[in-house]
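Report on the following structure.
Chain letters run A, B, ... following the sequence lines, proteins first, then strands; residues in each count from 1.
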Amino acid sequence: MTHLVWFRNDLRTADNAALIAACKTASQPDSAGGVRACFILTPAQWQEHDWSPARVHFVIAHANALAAELAKLGIPLSFIYAQRFSDSLTALEHHCRQHDVCQIHFNEEYGVNERRRDKALKHRFDKLGLATRKYRDQTVAPVGDILTGQGQPYSVFTPFSRRWRSWVEEALPAPHPVPPPRHADIKPERITDISEGFKEAPPALVETGEDAAHAQLERFLSEDGSAYKEQRDFPAFNATSLLSPYLANGVLSGRQCLSAARQALAMGGAPEGLQTWINEIAWRDFYIHTLYHYPRVSMHRAYKPETEALQWNDPKDHFEAWKTGNTGIPLVDAAMRQLNQTGWMHNRLRMVTAMFLTKNLFIDWRLGEAYFMSKLVDGFLASNNGGWQWSASTGTDAAPYFRVFNPVTQSERFDPKGEFIREWVPELAKLDNKRIHDPSKGGVIPGGYPRPIVDLKESRKEAIAKFQALKN
DNA sequence: TGGCGTTTAGC
DNA sequence: CTAAACGCC
């Protein structure tokens, strides 16, 4: 009898609830057996979920790395090819028959299609007499466990984070260990080809492998922690952890990050910086919890239903200019070009560009959300959707509709010397530190660089008026 | 995880 | 006169 671990959004051997549970169960006398693993490639489903080529390359590389790590532990990982989630269940059933599987273990995912798939799987396997075991492993605090005094999910981050922190203090969540090696000589399988439509990807942003992820975590935490709090909002400083690709694809868990950060705190690391970063881990949990409690946000629906009535502008040329980084607003263009060329964008700039699209251009946040997914190596439904709905003022703890970032002011504040703009918009490189934030204001605009496609002041007023009108 | 027009303290 | 501080959007 074999225990099968189905890896999906958890491409790691360390701190993996499903893996450790399968290994433990398999070594108990009453249900002893072997442990196998599988990963199902569903390129058509990835396409439908707007996965980026960068993310597909990352996932394939880390699926291969996982197969190699598991082989060292004596666990064979099979790659199964399907197109969509619906096909994957048939393939999985076939795989289970072939390998005499009695139990399948996996960690939960919370997108609506993933949930439907897992529900269908349980239904199907129940009929076959195969056991399905699922684990709440994606968050630090299990989804459903962080509720208000009234037993309701939180809709505002700050009270959520207070409850989350006290939960952490009480539960002291510790990462699961890597399971002990089982004795078997295994040659790992390997995926060598990338599916059509995902071939063209930017160069890898971070190194491949679980070890590389942990090395980067250690490096980040060993740096001067106070710099994170002071510098993280300045895109030119590269002061962020750059762990998001690993987190988004489960190479690293939030629990591992939190545990390492708490250890750094105990060793006397700069408390403000580390606490600020722990807050980001809480944000990640908050958005996953929100996705769990409100499946509609993964069905192209707004968290705040009343905002569904907004009449967004026809995207047309403005959307194209935004996507390609030709809006005439230097910081927005620099950010979009960074995204297009690297598959990653600095967090502050995600807010600035999202706010510009949804408030100044008044284009539907869903279009921006999908475009980000189609480019980001760290595209993660819960965080990406949460961030977009925050920016668009349609989400949980949303930015008040009248709080509209002025991208030029943000530029002056967070890229004061224009270093980030100069890197990504080279045609503006020669402008001085004042003019570079808004070249259209006085003087000659360097050749080829567009004039702003929208009036910031006017469009801001119009957006506020449209939100105001919702209340009547 | 603001912006902006207005008021007001302080020089 | 200028730059915080204020209050509304």
Side-chain angles (χ1 to χ4, degrees), chain A residues 154-162 164-165 226-241 244 272-287 289-290 303-304 306-307 310 329-332 335 344-362 365 368-369 372 378 380 382-416 420 437-438 441 452 454-472:
Chain A
Y154 285 94
S155 59
V156 177
F157 173 72
T158 307
F160 172 90
S161 71
R162 272 196 284 271
W164 183 86
R165 277 177 188 268
S226 58
Y228 179 74
K229 186 177 167 65
E230 307 302 328
Q231 301 180 2
R232 70 192 195 104
D233 272 324
F234 295 80
F237 284 178
N238 296 320
T240 60
S241 72
S244 56
E272 318 82 20
L274 289 165
Q275 292 294 358
T276 305
W277 191 59
I278 288 174
N279 223 39
E280 297 301 311
I281 302 172
W283 269 107
R284 175 185 156 80
D285 260 30
F286 176 59
Y287 282 141
H289 282 241
T290 299
Y303 174 81
K304 286 189 173 161
E306 68 272 22
T307 63
L310 289 166
I329 307 294
L331 188 64
V332 170
W344 185 83
M345 192 196 287
H346 189 281
N347 182 54
R348 168 137 308 258
L349 301 181
R350 295 189 196 200
M351 295 188 281
V352 170
T353 54
M355 196 77 90
F356 180 75
L357 184 77
T358 56
K359 300 294 172 61
N360 296 107
L361 300 181
F362 212 71
W365 57 270
E369 181 197 5
F372 267 32
D378 61 11
F380 182 63
S383 308
N384 191 50
N385 180 275
W388 271 94
Q389 294 220 47
W390 180 86
S391 299
S393 306
T394 66
T396 48
D397 196 19
Y401 66 88
F402 48 82
R403 185 183 293 165
V404 178
F405 286 14
N406 180 322
V408 174
T409 308
Q410 292 280 313
S411 184
E412 289 163 348
R413 189 180 303 170
F414 297 113
D415 190 26
F420 182 79
H437 305 290
D438 186 7
K441 213 170 85 182
V454 66
D455 183 272
L456 295 177
K457 207 169 158 182
E458 262 318 295
S459 54
R460 172 181 182 276
K461 257 171 69 180
E462 287 171 23
I464 289 172
K466 284 173 185 161
F467 272 92
Q468 180 71 40
L470 280 183
K471 299 204 294 188
N472 306 328

Quiz item: Nearest heavy-atom pair of A:M345 and A:T353: which atoms, and what distance?
Solution: SD-OG1, 3.7 Å
Exercise. Would you mind reading off the distance between A:E458 atom CD and B:dC4 atom P, rounded to a whole angstrom?
Key: 12 Å
Self-check item: Rounded distance in Å - OH (A:Y401) to P (C:dC8)
Solution: 13 Å
Quiz item: Rounded to whole angstrom units, what separation is found between the CG atom of A:N406 and the P atom of B:dG3?
Solution: 6 Å
Exercise. For A:Q468, report the nucleic acid contact type (base, sugar-phosphate, nothing); a contact means any heavy atom under 4.0 Å.
Key: nothing
Quiz prompt | Between P of C:dC9 and NZ of A:K457, the distance in whole Å | solution = 17 Å
Quiz item: To the nearest 0.5 Å, what is the distance between CG (A:N238) and NE2 (A:H346)?
Solution: 8.0 Å
Practice problem: Rounded to the nearest angstrom, tell me the gap between atom CZ in A:R403 and atom P in B:dT1. | Solution: 7 Å
Self-check item: For atom CE of A:M351 and atom P of B:dT1, their distance in whole Å
Solution: 10 Å
Quiz item: Rounded to the nearest Å, what distance is computed from the NZ atom of residue A:K461 to the C1' atom of nucleotide B:dG3?
Solution: 13 Å
Quiz item: Taking the six-membered ring of A:Y401, is the NZ or CZ of A:K471 close enough (under 6.0 Å from the centre) and on axis enough (within 45°)?
Solution: no
Self-check item: Aromatic A:F362 / basic A:K466 pairing, under 6.0 angstrom, 45° off normal
Solution: yes
Quiz item: Can you tell which of A:N279, A:T290, A:T396 makes a side-chain contact (heavy atoms from CB on, under 4.5 Å) with A:F157?
Solution: A:N279
Exercise. For B:dG2, take OP1 and OP2 only and decide whether either is under 4.0 Å from a side-chain N or O of A:R348.
Key: yes
Self-check item: Residue A:W390, side-chain heavy atoms: nucleotide from B:dT1, C:dC9, B:dG5 that is nearest
Solution: B:dT1
Quiz item: Picking from B:dT1, B:dG3, C:dC9, which would you name as closest to the side chain of A:I464?
Solution: C:dC9
Quiz item: So, is A:Q410 near the phosphate of B:dT1, with a side-chain N or O under 4.0 Å from OP1 or OP2?
Solution: no
Practice problem: Just compare B:dT1, B:dG2, B:dC4 and give me whichever is closest to any side-chain atom of A:R413. | Solution: B:dG2
Quiz item: In whole Å, what is the span from the NZ atom of A:K359 to the P atom of B:dG2?
Solution: 11 Å
